[in-house]
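Some notes on the structure that comes next.
We use all heavy atoms of the structure for the numbers below, so side chains are in, but hydrogens, waters and symmetry mates are not. What you see is a predicted model, and the numbers here were worked out from it, not measured in a lab.
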Amino acid sequence: MYQILDGKKLRNKIIKEIETSETGKGKTLGVISVGNNKASQTYIKNKERSCEKTSIGFKRFNLLESASKKELLSLISELNNNNQISGFILQLPLPDKLKKFQNEFISAINPKKDADGFHPFNIGSVIASQKLEDVVMVPATSKGIIRLLDEYNVEYVSKRVVVVGRSNIVGKPIAIMMINRGATVTVCNSKTKNLSAITRHADILIVAVGKEKLITADMVKSGVVIVDVGMNRNINGKIVGDVDFDNVKEKASFITPVPGGVGPMTVVSLLENIIKTSNS
Ligand code: GUN
């Protein structure tokens, strides 16, 4: 029998704690978006709603789809110097024209204001540090995954963790965090040969690729813990993950739903990163 790793429920609990403690008072999250990517609008709305439930302010900065590299760099610089904004994120994906400069934009964010935890300084801190408290801004999705697994007392020490996807945003930071926690970690990518031979050995399988039904029931062992970071729209317009949930769940001990698993936890981590800022 599987158990759902309920990110929505945990998010609501943590948001309540933030609300009660009023630790968000005087803090503001900024969100930069470029263009009108449909999925991004939904994610941004979720972030705004979560801020509204706490005392954290929310401010959106939207550039046109046609915005230049210079305009975006200039907005980033403005927010770095704006003491009304505690921290901010650059919503991804960027329009095609700007995609190739993504690393440059992220590196231009002041690491102390990098609420997503994507800046090389923050990623480097995760590699160098064993304790998340010591990291200036923790990569948000990875921190959310750890928080969710901790809530359900999932063990990492000596476990075989397989991460599918090697992005700077999720795959690499979660792999490092799992290494720091004593897991034996394998990271796969789109060129990995015979993926199922590797995923079948996973005690914990973390999938962050963006491909519907990439992981099927024959690719996992019985009792596996599944963390699905994927967000895809299927042919019926429904949001689904990278894992064939209906079939894989029968073999799992724990599994995240999509939506309602990792997504809400990313938002919570963003808020926690904002709360940590000093406002100076
Ligand atoms: N697009 C999809 N997920 C994310 C995220 O966690 N942060 C940002 N900035 N953009 C995203």
Side-chain angles (χ1 to χ4, degrees), residues 1-18 50 116-117 122-123 126-127 129-135 137-167 169-188 198-209 214-215 219-231 241-243 245 248-273:
M1 204 28 213
Y2 66 92
Q3 203 179 338
I4 292 283
L5 294 164
D6 192 338
K8 212 166 148 181
K9 188 168 143 199
L10 182 55
R11 175 199 60 193
N12 292 343
K13 178 178 133 184
I14 296 173
I15 283 191
K16 241 202 176 98
E17 283 166 13
I18 298 174
S50 293
D116 261 329
N122 288 319
I123 303 279
V126 171
I127 294 175
S129 171
Q130 302 279 331
K131 283 197 292 189
L132 289 187
E133 303 91 86
D134 299 339
V135 181
M137 292 283 188
V138 188
T141 300
S142 303
K143 182 171 177 249
I145 292 171
I146 298 276
R147 181 70 180 82
L148 186 58
L149 292 175
D150 282 348
E151 182 74 10
Y152 288 84
N153 298 314
V154 173
E155 295 279 346
Y156 318 106
V157 180
S158 308
K159 298 293 177 193
R160 278 175 296 195
V161 173
V162 173
V163 179
V164 187
R166 57 166 164 184
S167 71
I169 291 169
V170 187
K172 285 186 213 166
I174 191 63
I176 299 295
M177 286 186 193
M178 287 295 175
I179 290 170
N180 287 346
R181 277 164 181 72
T184 301
V185 181
T186 305
V187 183
C188 304
I198 300 170
T199 56
R200 252 181 242 131
H201 286 291
D203 297 311
I204 303 174
L205 180 61
I206 302 172
V207 195
V209 173
L214 175 69
I215 304 296
M219 294 171 76
V220 301
K221 71 172 181 184
S222 185
V224 67
V225 175
I226 299 276
V227 177
D228 189 351
V229 190
M231 279 270 196
D242 292 346
V243 174
F245 182 88
V248 170
K249 71 178 192 225
E250 303 301 342
K251 288 178 87 174
S253 54
F254 292 95
I255 185 165
T256 57
V258 177
V262 174
M265 294 308 301
T266 299
V267 180
V268 162
S269 303
L270 266 186
L271 301 185
E272 288 178 336
N273 274 342

Any side-chain heavy-atom pair of P139 and M177 under 4.5 Å: yes
Please identify each residue that fulfils side-chain contact (heavy atoms from CB on, under 4.5 Å) with L5, with sequence neighbours left out. L148, L149, Y152, V225, F254, T256
Give me the atom names and distance for the closest heavy-atom approach of G165 to V187. O-CG1, 3.8 Å
With D150, which residues qualify under side chain to side chain donor-acceptor pair (under 3.5 Å), at least two apart? Y156
Would you compute the distance between atom CD1 of I255 and atom CG of D6 and round it to the nearest 0.5 angstrom? 13.0 Å
Under 3.5 Å, which donor-acceptor pairs link side chains of residues 258-271 to any protein atom two or more places apart or in another chain?
unit_1	atom_1	unit_2	atom_2	d
T266	OG1	T141	OG1	3.0
T266	OG1	V262	O	3.4
S269	OG	A140	O	2.9
S269	OG	G144	N	3.2
S269	OG	M265	O	3.0

With heavy-atom distances below 4.5 Å as the criterion, would you say the side chains of D228 and I206 are in contact? no
To the nearest 0.5 Å, tell me how far S50 OG sits from R11 CZ. 5.0 Å
Hey, does the side chain of K251 reach the backbone of V220 with a donor-acceptor pair shorter than 3.5 angstrom? yes
For M219, the side-chain contact (heavy atoms from CB on, under 4.5 Å) test, sequence neighbours excluded, returns L195, S196, T199, I215, T216
Who are the side chain to side chain donor-acceptor pair (under 3.5 Å) partners of D242, not counting sequence neighbours? N232
Could you tell me whether the side chain of V163 reaches within less than 4.5 Å of the side chain of V185, counting heavy atoms only? yes
Rounded at 0.5 Å granularity, tell me how far OG in S142 sits from CD1 in I169. 10.0 Å
Using the side chain to side chain donor-acceptor pair (under 3.5 Å) criterion, which residues pair with R147? Sequence neighbours excluded. E151
Heavy-atom closest pair (N122 atom, G117 atom, distance to 0.1 Å) is CB-O, 4.0 Å
Run the side chain to side chain donor-acceptor pair (under 3.5 Å) test against K172 and tell me which residues pass, sequence neighbours left out. N168
Output for pair (E250 CD, S222 OG), nearest 0.5 Å, gives 11.0 Å
Measure the shortest side-chain to side-chain distance between I123 and P173 over non-hydrogen atoms and say whether it is less than 4.5 angstrom. yes
Please determine whether the number of non-hydrogen atoms from other residues, nucleotides or ligands lying under 6.0 Å from atom CZ of R200 exceeds 12. yes
Could you tell me whether E155 atom CD has more than 12 heavy atoms of other residues or ligands within 6.0 Å of it? no
Atom NZ of residue position K249 - does it have more than 12 heavy atoms of other residues, nucleotides or ligands inside 6.0 Å? yes
Qualifying residues under salt bridge (charged side-chain N to carboxylate O under 4.0 Å, His left out), relative to K221, sequence neighbours excluded: D203
